[in-house]
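Report on the structure given below.
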Amino acid sequence: MPNKKYRVELTEEQRSHLLERLGRGERPAAEQTRVRALLKVDERTEGLAWTDARTAEALEVAKGTVAGIRRRFCKRGLTGCVERKSPDREYERKLDGEQEAELIRLACSEAPEGRSQWSLRLLADQMVELDVVEDLSHETVRQTLRTDRSQTDSSLTGVASG
């Protein structure tokens, strides 16, 4: 077996933790695949470690995927390898509560003359025109209305079925 730059050697505690995660079956499929790959390539299991090619074939993934799992395990540890990485950035909200309320009020109002309904761009332009915000993109309008709609829909569903 050629020398590998990233070697996976699981402790008994790590192995049992991974087996327990698999046993529950409630984790996302990609996470379960990473767990299975780690268990297969573990070199502590006396002569039972699978090659990347054999592991990839068995798990129906690319050989590079197995190599990446092996690398992440060595660089980030067990948790950093198995669980999904958190996003590097957090985005601040463009609209505060009052501005969102104004946007919703505007969207629920009658459309401007000559229009059958509000467009996202019209809503964004109108919010700027009314001096509610300095500038606003149609995409922010879309995301805001979509979020509020899903919250409203779920609350209405609960009322209707209750």
Side-chain angles (χ1 to χ4, degrees), residues 1-97 99-100 103-104 107 117-125 127 133-158 160-161:
M1 183 179 279
N3 285 341
K4 292 182 183 134
K5 184 174 179 180
Y6 301 108
R7 299 173 63 96
V8 175
E9 294 181 353
L10 300 171
T11 64
E12 281 304 314
E13 184 180 319
Q14 289 173 325
R15 254 189 109 61
S16 65
H17 175 72
L18 291 175
L19 289 168
E20 184 181 313
R21 277 183 105 116
L22 268 183
R24 284 192 238 132
E26 54 195 35
R27 306 304 304 168
E31 187 175 310
Q32 288 184 21
T33 299
R34 290 189 293 270
V35 168
R36 285 187 172 94
L38 284 174
L39 291 168
K40 296 293 184 201
V41 299
D42 178 18
E43 295 182 24
R44 275 235 168 109
T45 52
E46 304 158 20
L48 300 177
W50 287 19
T51 63
D52 287 358
R54 183 176 175 199
T55 304
E57 186 179 333
L59 298 177
E60 297 180 341
V61 297
K63 198 168 125 178
T65 301
V66 177
I69 292 168
R70 187 187 289 278
R71 178 182 42 80
R72 278 190 300 280
F73 174 78
C74 292
K75 289 187 172 187
R76 297 185 198 160
L78 184 63
T79 304
C81 173
V82 173
E83 293 179 4
R84 197 168 165 192
K85 184 179 172 226
S86 299
D88 293 336
R89 294 180 52 183
E90 285 190 30
Y91 297 92
E92 63 181 64
R93 296 180 63 121
K94 303 280 187 207
L95 302 175
D96 63 22
Q99 293 167 329
E100 282 186 18
L103 174 61
I104 293 167
Q117 62 186 18
W118 285 99
S119 71
L120 298 176
R121 292 178 197 277
L122 275 175
L123 286 167
D125 292 344
M127 290 284 285
V133 291
E134 197 171 303
D135 65 330
L136 187 64
S137 73
H138 66 281
E139 178 61 13
T140 301
V141 171
R142 183 191 69 79
Q143 289 178 359
T144 302
L145 293 177
R146 182 176 184 179
T147 300
D148 289 337
R149 174 193 269 168
S150 66
Q151 290 171 355
T152 305
D153 288 349
S154 64
S155 65
L156 290 176
T157 305
S161 64

With sequence neighbours left out, the residues meeting side-chain contact (heavy atoms from CB on, under 4.5 Å) with A53 are T51, K63

Lys/Arg-Asp/Glu bridge criterion (N-O < 4.0 Å) met for E83, R21: yes

ask   = What's the verdict on side chain to side chain contact (heavy atoms under 4.5 Å, CB included) for R44 and T11, showing C-alpha distance, side-chain angles and the deciding distance?
value = CA-CA 8 Å; R44 275 235 168 109; T11 64; 3.7 Å; yes

Value for OG1 (T140) from CG (L103), rounded to nearest 0.5 Å, stands at 9.5 Å

**Prompt:** Between K94 and E139, is there a side-chain N and carboxylate O pair less than 4.0 Å apart?
**Reply:** no

Taken to the nearest 0.5 Å, the spacing of T33 OG1 from R27 CZ works out to 13.0 Å

Determine, step by step, whether E43 and V8 satisfy the side chain to side chain contact (heavy atoms under 4.5 Å, CB included) criterion, reporting the C-alpha distance in whole Å, the side-chain angles of both residues, the deciding distance to 0.1 Å, and the verdict. CA-CA 6 Å; E43 295 182 24; V8 175; 5.7 Å; no

Rounding to 0.5 Å, atoms CZ (R24) and CG (L19) come to a distance of 11.5 Å

**Q.** Residue pair R15 / L39, side-chain heavy-atom distance below 4.5 Å
**A.** yes

Separation between CD (E9) and CZ (F73), nearest 0.5 Å, reads 8.5 Å

Closest heavy-atom pair, L120 versus R142, reported as atoms and distance to 0.1 Å, is CD1-CB, 3.6 Å

Applying side-chain hydrogen bond (donor to acceptor under 3.5 Å, both in side chains) to R93 and not counting sequence neighbours gives E100

Closest non-hydrogen atoms of Y6 and K75, given as atom of the first, atom of the second and distance, are OH-CE, 3.4 Å

- In sequence, state the C-alpha distance, the side-chain angles, and the governing distance for L78 and L18, and then conclude on side chain to side chain contact (heavy atoms under 4.5 Å, CB included). CA-CA 9 Å; L78 184 63; L18 291 175; 3.7 Å; yes

Without swapping roles, check the side chain of E31 against the backbone of P28 for a donor-acceptor pair under 3.5 Å.
no

All heavy atoms of I69 vs all of A37, minimum pair found to be CD1-CB, 3.7 Å

Rounded to the nearest 0.5 Å, the OG1 atom of T144 sits from the CG atom of L136 at a distance of 7.0 Å

### Query
Would you say L59 and T65 make side-chain contact, with heavy atoms under 4.5 Å?
no

- Query: Would a distance-only check, ignoring hydrogens and angles, find a side-chain to backbone donor-acceptor pair under 3.5 Å from R34 to V82?
  - Reply: yes

Separation between CG (D125) and CG (D135), nearest 0.5 Å, reads 11.0 Å

Is it the case that the side chain of Q99 and the backbone of D96 share a donor-acceptor pair, with hydrogens and angles ignored and the cut-off at 3.5 Å?
yes

